[in-house]
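Here the structure comes first, spelled out in structure tokens, and everything after it is commentary.
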Amino acid sequence: MTMADDTEDVELDFAADEQERARRSAVIRHPLASFFHLFFRVVAIVTYLLCDWISENFASCFVLIITLLSFDFWSVKNVTGRLLVGLRWWNQIDEDGKSLWLFEAKKSSRGNNIGTEAEARIFWLGLIICPLIWMFFFFTSLFSLKIKWLSLVVASISLQVANLYGYLRCKTVGGDGQSPDTHSLTGQHLLQRPDIIFGIL
């Protein structure tokens, strides 16, 4: 008496998995987006450090740095976040006139246009380190009593931290277009989930 074999051959697509791993480990797939993700914020920091040598006019330095950081805010929010890590956040007004903040994370799948691991590292390091540098400038301006420079630094921190907060919300939500009413990101939540920050570096 022979026993019937109920098992079926399952075809595993190892080649496709290898291709996906190779695609994700490729160095840079979006060189232009990676460049501009860092360009405006780094140039703004360098300009701040060299402002005394570039121009003695505080107003021109203020306008130049805020313009650079505004370009950075727009490019990171609308372009590099979507291309490099598949995240985006935005604000919309519903039919009742209520302002809603939406956070979206694109799920990884084969053939999608999300960046590589190197690009994700560039994205998160740039997003986290630059606000820390501006925080250092805040304390140096505060302790040296440079009040006019303090106003510039506070404006710079606001622009940098807004994007950081938005993308941390996207990373936490991990879904499509969830409103802040259903998902909240607080300091306590970050302490409970340190992988949100450290897991992306």
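- Counting heavy-atom neighbours within 6.0 Å of Phe136 CZ, excluding the residue itself, gives a total of 12 or less.
- Applying the side chain to side chain donor-acceptor pair (under 3.5 Å) test to residues at least two apart or on different chains, the pairs with a partner in residues 134-158 are Tyr48-Ser141.
- The structure places CD of Gln160 at 8.0 Å from CG of Leu127, a figure rounded to the nearest 0.5 Å.
- Summarising the geometry of Phe73 relative to Leu159, their closest heavy-atom pair is CD1-O, 3.5 Å, with the distance given to 0.1 Å.
- A 4.5 Å side-chain heavy-atom check between Phe36 and Arg41 finds every atom pair outside the cut-off.
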Show the numbers, then the answer: is there a side-chain contact (heavy atoms from CB on, under 4.5 Å) between Phe123 and Val76? CA-CA 9 Å; Phe123 178 84; Val76 172; 4.2 Å; yes
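- One finds the CD1 atom of Ile129 at 9.5 Å from the CD1 atom of Ile45 (value rounded to the nearest 0.5 Å).
- You'll find the side chain of Lys98 stays beyond 4.5 Å of the side chain of Ile93, heavy atoms only.
- Residues Val79 and Leu32 do not share a hydrophobic cluster, defined by chaining ILVMFWY side chains whose heavy atoms lie under 4.5 Å apart.
- Cluster partners of Val63, using a side-chain heavy-atom cutoff of under 4.5 Å among ILVMFWY residues and allowing indirect links: none.
- A cation-pi contact links Arg88 to Trp90, judged by a cut-off of 6.0 Å to the six-membered ring centre and 45° from its axis.
- Inter-residue side-chain proximity for Leu102 and Asn91 is flagged as unmet; no heavy-atom pair is nearer than 4.5 Å.
- Atom CD1 of residue Ile122 and atom OG1 of residue Thr80 lie 11.0 Å apart, to the nearest 0.5 angstrom.
- Note that CG of Leu87 is 10.0 Å distant from CG of Leu84, once rounded to the nearest 0.5 Å.
- Gln92 contributes atom CD, which lies 6.0 Å from atom CG of Leu100 (distance to the nearest 0.5 angstrom).
- You'll find the side chain of Thr172 stays beyond 4.5 Å of the side chain of Phe103, heavy atoms only.
- The side-chain contact (heavy atoms from CB on, under 4.5 Å) with Thr47 is formed by just one residue from the set Leu50, Val43, Leu49; it is Val43.
- Ring geometry, Phe71 versus Phe40: the interplanar angle falls from 30° to 60°, so the pair is classed tilted.
- At a threshold of 4.5 Å between non-hydrogen side-chain atoms, the residues Lys77 and Trp89 count as touching.
- Residues Val153 and Val161 share a single hydrophobic cluster, defined by chaining ILVMFWY side chains whose heavy atoms lie under 4.5 Å apart.
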